[in-house]
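Report on the following structure.
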Amino acid sequence: MNKINKLFEGRGGRKLLSLYFCAGCPTFAGTGDVIKTLQRRGIDMIEVGIPFSDPLADGPVIQSASTVSLKNGMTLSKLFEQLEEIKEEVEIPLVLMGYLNVVLHYGLEKFCQSCAKSGVSGVIIPDLPLSDYMKVMKPIADSYNLRIIMMITPETSEERIRLIDEHTDGFIYMVSSASITGTQNNFGNTNLKYFERIKNMNLQNPRMIGFGISNRQTLESAQENAAGVIIGSKFVSLLNETEDAESAINELFEDLKK
């Protein structure tokens with residue numbers, strides 16, 4: 001069974017926590033250490049960012065991390081090598097997050113094969129059109145037992161959401177707002193109505209809410225309306241400041257109590 005499916009099926013009523021960081025930042029060689037540290041500290045799932053020179057959906061924190069990673073020499077090929085070195089030590093799901101241009105340049109079939117070989121359970125490609133996913137990528141990904149995770153936003157139509165729900169298997173990534181990635185102090189009525197609306201659709205796939213989660217209010221608001229949360233910019237900021245995954249996760253846990 002794919003590790004993502006296993007995680008959600010076995011969670012009971014527990015709320016999951018997934019963290020994002022950009023591979024190769026703050027150091028080229030630190031990717032494996034960050035992953036192993038987060039696993040040891042009880043993180044349920046990890047999103048590993050593939051650096052890209054023009055990350056359109058990302059805010060300044062993740063854009064900066066991507067720039068640092070590229071300057072450090074990180075490439076998709078080198079990332080796969082690093083992941084393969086630690087795959088026997090990693091029990092939790094790893095999800096790669098990157099843009100379509102990088103994947104196509106690497107080669108679609110080769111990409112899915114490398115994911116399977118290096119222990120990756122899922123992939124998020126924010127700019128992958130749904131039609132291309134269904135016609136081209138899904139058959140290839142399925143052959144490698146790889147889950148392609150699709151994103152929805154407050155602007156996504158109900159028709160499209162139900163289409164995504166019907167044709168994906170893993171979880172649905174609920175973007176908390178229509179803005180780029182980044183931290184927020186709170187979720188307002190508009191966010192909460194969106195969370196409630198999607199919750200009431202009774203989708204077959206579990207949902208994870210990401211973008212903007214950085215404190216107790218945003219954490220709890222998201223947890224009430226989904227299977228769990230995804231934290232990116234906040235953790236990336238702390239990791240860049242401390243340059244140590246252990247210190248960064250300690251500070252994150254403290255901030256989520258405030």
Side-chain angles (χ1 to χ4, degrees), residues 17-41 43 45-87 90 92 94-106 111 114-115 118-120 122-128 149 151 173 175 179-184 210-214 229-256:
L17 176 60
S18 177
L19 296 187
Y20 166 97
F21 77 100
C22 183
C25 180
T27 65
F28 171 80
T31 302
D33 179 66
V34 173
I35 291 171
K36 289 187 286 186
T37 299
L38 296 184
Q39 175 177 260
R40 180 170 50 79
R41 295 301 302 274
I43 301 305
M45 181 165 55
I46 300 173
E47 289 180 20
V48 183
I50 303 168
F52 184 50
S53 57
D54 190 23
L56 298 176
D58 295 310
V61 171
I62 294 178
Q63 285 186 14
S64 176
S66 191
T67 299
V68 170
S69 174
L70 292 172
K71 287 182 178 178
N72 286 343
M74 180 57 70
T75 65
L76 185 52
S77 294
K78 291 176 181 177
L79 172 57
F80 280 130
E81 289 175 6
Q82 291 183 350
L83 295 179
E84 190 168 357
E85 287 177 0
I86 64 168
K87 71 174 184 178
V90 181
I92 63 176
L94 297 182
V95 177
L96 289 190
M97 187 169 187
Y99 289 85
L100 184 59
N101 187 50
V102 179
V103 175
L104 293 179
H105 186 265
Y106 187 84
F111 175 79
S114 295
C115 283
S118 59
V120 172
V123 179
I124 301 169
I125 306 174
D127 57 342
L128 173 65
I149 309 303
M151 295 173 128
Y173 191 134
V175 177
S179 64
I180 57 176
T181 58
T183 61
Q184 294 179 220
F211 285 47
I213 297 168
S214 62
V229 302
I230 300 165
I231 299 178
S233 295
K234 181 68 176 180
F235 180 69
V236 171
S237 293
L238 293 171
L239 186 59
N240 289 343
E241 290 170 9
T242 63
E243 297 190 353
D244 176 71
E246 191 78 44
S247 300
I249 193 67
N250 286 339
E251 291 194 29
L252 177 65
F253 286 155
E254 286 301 313
D255 287 344
L256 293 177

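These numbers come from the heavy atoms of this one structure, side chains and all, not from hydrogens, waters or symmetry mates.
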Per side-chain contact (heavy atoms from CB on, under 4.5 Å), Leu96 is matched among Ile149, Val103, Leu83 by Leu83
So CG of Leu79 and SG of Cys22: to nearest 0.5 Å the spacing works out to 9.0 Å
In short, Ala65 meets Asn240 closest at the heavy-atom pair CB-ND2, 4.3 Å
Sequence neighbours excluded, the answer for side chain to side chain donor-acceptor pair (under 3.5 Å) partners of Glu246 is Arg40, Arg41
With sequence neighbours left out, the residues meeting side-chain contact (heavy atoms from CB on, under 4.5 Å) with Asn72 are Phe28, Val68
Taken to the nearest 0.5 Å, the spacing of Ile230 CD1 from Ile124 CD1 works out to 5.5 Å
When rounded to the nearest 0.5 Å, the distance separating OG of Ser18 from CD1 of Ile46 is 7.5 Å
To the nearest 0.5 Å, atom CD1 of Ile43 lies from atom CG of Leu17 at 4.0 Å
Residues passing the side-chain contact (heavy atoms from CB on, under 4.5 Å) test with Asn101, sequence neighbours excluded, are Phe52
Residues at least two apart in sequence or cross-chain that pass side chain to side chain donor-acceptor pair (under 3.5 Å) with Asp244, listed by chain then number, are Ser247
Across all chains, not counting sequence neighbours, the ring-ring contact (aromatic ring centres under 6.0 Å, His included) partners of Phe80 are Tyr106, Phe111
Residues passing the side-chain contact (heavy atoms from CB on, under 4.5 Å) test with Ala248, sequence neighbours excluded, are Phe235, Leu238, Leu239, Thr242
Side chains of Tyr20 and Val95: closer than 4.5 Å at any heavy-atom pair?
-> no
Hits for side chain to side chain donor-acceptor pair (under 3.5 Å) against Thr31, two or more places apart or cross-chain, chain-then-number order -> Gln82
Residue pairs passing the salt bridge (charged side-chain N to carboxylate O under 4.0 Å, His left out) test with at least one member in residues 68-87, sequence neighbours excluded, are none
Next item on the list: Determine yes or no for a side-chain-to-main-chain donor-acceptor pair under 3.5 angstrom, with Ser69 supplying the side chain and Cys25 the backbone.
Entry: no
Here the salt bridge (charged side-chain N to carboxylate O under 4.0 Å, His left out) pairs for residues 23-36, sequence neighbours left out, are Lys36-Glu89
Residues passing the side chain to side chain donor-acceptor pair (under 3.5 Å) test with Ser118, sequence neighbours excluded, are none
- Would you check if Asp255 and Ser214 make a side-chain contact, meaning some heavy-atom pair closer than 4.5 Å? no
N/O donor-acceptor pair under 3.5 Å between Ser237 side chain and Ser233 backbone: yes
Rounding to 0.5 Å, atoms CG (Leu19) and CG (Leu38) come to a distance of 5.5 Å
Output for pair (Lys234 NZ, Ile213 CD1), nearest 0.5 Å, gives 13.0 Å
Legend entry - pair Tyr99-Ile50: side-chain heavy atoms closer than 4.5 Å: no
Taken in chain and number order and not counting sequence neighbours, the residues that satisfy side-chain contact (heavy atoms from CB on, under 4.5 Å) with Val90 are Ile35, Gln39, Ile86, Ile92, Leu94
